[in-house]
**Student:** 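Questions regarding the structure given below will be posed in turn.
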Amino acid sequence: MGLVPAPALVAAGLLWALLSLALGMEGSRPESLLLKSLGLSTKPNPKAPAPVPSVLWRIFRKREQLSGKQGPERACRVEELNVPGNILRVFADQGHFIHSGEPRPSLCLEKRLYFNFSALEEGEQLTMAQLEIQFSHNSYHVPSGGQAFELQLSQALGPSLRGTASRLHTRKLLVAQSFAPLHKSLFFNLTEVARGWRAPSKNLGLILELAVGSSVSPPRRPQGLCDSFLRTSLLVVSLSQKQCNASRQRRSAYDAPVTPSNLCKPRRLYISFSDVGWENWIIAPQGYMANYCLGECPFPLTEELNSTNHAILQTMVHSLDPEGTPQPCCVPVRLSPISILYYDNNDNVVLRHYEDMVVDECGCR
Ligand SMILES: *[C@@H]1O[C@H](CO)[C@@H](O)[C@H](O)[C@H]1NC(C)=O
Ligand SMILES: *[C@@H]1O[C@H](CO)[C@@H](O)[C@H](O)[C@H]1NC(C)=O
Ligand SMILES: *[C@@H]1O[C@H](CO)[C@@H](O)[C@H](O)[C@H]1NC(C)=O
Ligand SMILES: *[C@@H]1O[C@H](CO)[C@@H](O)[C@H](O)[C@H]1NC(C)=O
């Protein structure tokens with residue numbers, strides 16, 4: 001065991017945890033170990049899960065199709081968004097509507113936007129943050145004449161005190177723009193701002209204001225416009241470096257070959273997430289072919305057994321002294337990644353790339 005390379009050891013641990021679960025050993029320790037390796041403190045229990053954003057479905061499906069062709073350098077890049085990263089999260093907005101004392105007549109919506117970043121781990125490097133503001137695309141709601149509306153987005157820098165003139169000092173204006181009210185979604189690059197939110201005390205969120213265009217006189221409350229406001233969400237891409245370095249190319253397919261033999265080789269193991277009681281928070285896949293290594297490592301070791309010189313010597317010693325020295329172990333020597341789409345502990349939707357999830361090849365070590 002002392003000679004098993006570190007990544008294989010880690011992977012063997014992960015696989016053992018999966019196996020224990022799959023085999024019905026309901027001990028909470030393997031489960032919590034596995035959750036921890038997935039970056040979760042406890043098993044998520046989504047209460048009001050948001051619909052899965054189409055961008056995540058698109059990337060997930062593309063990766064499923066590409067699995068097998070994905071090179072190691074691709075694993076830590078999100079090609080679709082052209083940024084480095086292996087974790088994509090869509091944070092749900094947890095801010096409240098603001099009912100300020102003296103609304104401007106044209107102002108029809110004022111809302112705090114808050115995204116809880118506690119899921120981001122320390123070692124993760126934030127590479128992209130994009131805010132999406134969604135409107136229901138209902139022509140009934142479009143104000144007559146297609147008049148423009150004005151959008152202001154500010155970063156909250158301190159608690160806003162009701163009815164004081166200090167409003168300007170507690171906000172930093174990021175965006176002030178006019179838009180035709182026909183967009184289904186508006187997108188804003190918040191990469192810089194979101195980087196500053198890594199420290200929880202610095203994350204006071206944003207203030208979103210919507211108003212009718214000032215050119216319209218007399219201003220009237222464009223209720224239709226504000227009724228068409230649906231929700232906001234923040235797409236965040238980050239890079240967890242320690243997952244990247246272990247990157248290897250997947251070899252053939254998910255399926256291990258089936259040839260009757262008691263020699264060391266990959267055996268088929270399908271892990272179904274519903275069998276382990278994880279179906280309510282793992283969105284996709286429903287399960288996958290994880291495989292495992294099992295079999296003899298007899299003397300003399302043949303080349304197909306992918307042994308080390310040490311293992312060859314160990315089988316020789318074992319054949320001379322079967323009691324004193326064990327056979328080498330049949331362990332994973334090549335593993336490949338999969339992507340999992342799930343809800344985390346804050347009901348955010350996450351697409352994460354996990355290394356070392358599938359055993360492709362075994363060896364005597
Ligand atoms: C953010 O989420 C964490 C974990 O769920 C929770 O402990 C914390 O209170 C939340 N913070 C805020 C400000 O809601
Ligand atoms: C978003 O902003 C960051 C930092 O200001 C910049 O590096 C990046 O290129 C921008 N992304 C896009 C898509 O414009
Ligand atoms: C991963 O590789 C990068 C560069 O290749 C290196 O800077 C970094 O220290 C490595 N991280 C780990 C955890 O090995
Ligand atoms: C050993 O590696 C070769 C390719 O390098 C592979 O074809 C073979 O299946 C592996 N042996 C086992 C037992 O996995």
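We count ligands from 1, going down the list as the structure has it; atoms in each ligand are counted the same way.
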**Student:** Of Arg63, Arg58, Lys62, which is the lone residue that meets salt bridge (charged side-chain N to carboxylate O under 4.0 Å, His left out) with Glu80?
**Tutor:**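 Option passing the salt bridge (charged side-chain N to carboxylate O under 4.0 Å, His left out) with Glu80: Lys62.
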**Student:** Decide whether the shortest distance between a heavy atom of Asn345 and an atom of ligand 1 is less than 4.0 Å.
**Tutor:**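 Under 4.0 Å: no for Asn345.
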**Student:** For Phe273 and Trp278, take the angle between the two ring planes, folded into 0 to 90°, and tell me which bin it lands in: parallel under 30, tilted 30 to 60, perpendicular over 60.
**Tutor:** parallel
**Student:** Need the ligand 4 atom indices (1-based, order shown) with element for anything under 4.0 Å from a heavy-atom of Cys264.
**Tutor:** 13 (C)
**Student:** Can you list the atoms of ligand 4 that are under 4.0 Å from a heavy atom of Asn306?
**Tutor:** 1 (C), 2 (O), 3 (C), 8 (C), 10 (C), 11 (N), 12 (C), 14 (O)
**Student:** Taking NZ, NE, NH1 and NH2 as the nitrogens, is one of them in Glu192 or Arg195 under 4.0 Å from a carboxylate oxygen of the other?
**Tutor:**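 Yes, charged N to carboxylate O under 4.0 Å.
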**Student:** For atom 5 (O) of ligand 2, what is the nearest protein heavy atom, given as residue, atom name and distance?
**Tutor:** Glu192 CG, 3.6 Å
**Student:** Do protein heavy atoms approach atom 2 (O) of ligand 2 to less than 4.0 Å?
**Tutor:**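 At least one protein heavy atom is under 4.0 Å away.
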**Student:** Any heavy-atom pair between the side chains of Trp197 and Leu126 that's under 4.5 Å?
**Tutor:** no
**Student:** Is there a polar contact between ligand 4 and Cys362, counting only N or O atoms under 3.5 Å apart?
**Tutor:**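 Among all N and O atoms of Cys362, at least one is under 3.5 Å from an N or O of ligand 4.
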**Student:** Just jot down the ligand 2 atoms closer than 4.0 angstrom to any heavy atom of Asn189, in number order.
**Tutor:** 1 (C), 2 (O), 3 (C), 8 (C), 10 (C), 11 (N), 12 (C), 14 (O)
**Student:** My understanding is that only one of Val193, Leu173, Leu113 makes a side chain to side chain contact (heavy atoms under 4.5 Å, CB included) with Leu153; could you say which?
**Tutor:**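 When side chain to side chain contact (heavy atoms under 4.5 Å, CB included) is applied between Leu153 and each of Val193, Leu173, Leu113, only Leu113 qualifies.
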**Student:** Go through the side-chain N and O atoms of Asn82 and Arg77 and say whether any donor and acceptor fall under 3.5 Å apart.
**Tutor:** yes
**Student:** Taking the non-hydrogen atoms of Tyr114, is any one of them nearer than 4.0 angstrom to ligand 1?
**Tutor:**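 It does; at least one heavy atom falls under 4.0 Å.
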**Student:** For ligand 4, which is the ligand I care about here, please tell me if Glu304 has any N or O atom under 3.5 Å from one of the ligand's N or O atoms.
**Tutor:** yes
**Student:** Take atom 11 (N) of ligand 1 and look for protein heavy atoms under 4.0 Å from it; say yes if you find one, no if not.
**Tutor:** yes
**Student:** Using the ring of each side chain (for Trp, its six-membered ring), is Trp57 parallel, tilted or perpendicular to Phe60, with breaks at 30° and 60°?
**Tutor:**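 Aromatic pair Trp57/Phe60 classed perpendicular.
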**Student:** Is Asn203 reaching over with its side chain to a backbone N or O of Phe115, donor-acceptor style, under 3.5 angstrom?
**Tutor:** yes
**Student:** Specify the protein heavy atom at minimum distance from atom 14 (O) of ligand 1: its residue, its atom name, and the distance to 0.1 Å.
**Tutor:** Asn116 ND2, 3.5 Å
**Student:** Would Ser118 count as a polar contact of ligand 1, with the cut-off being nitrogen or oxygen pairs under 3.5 Å?
**Tutor:** yes
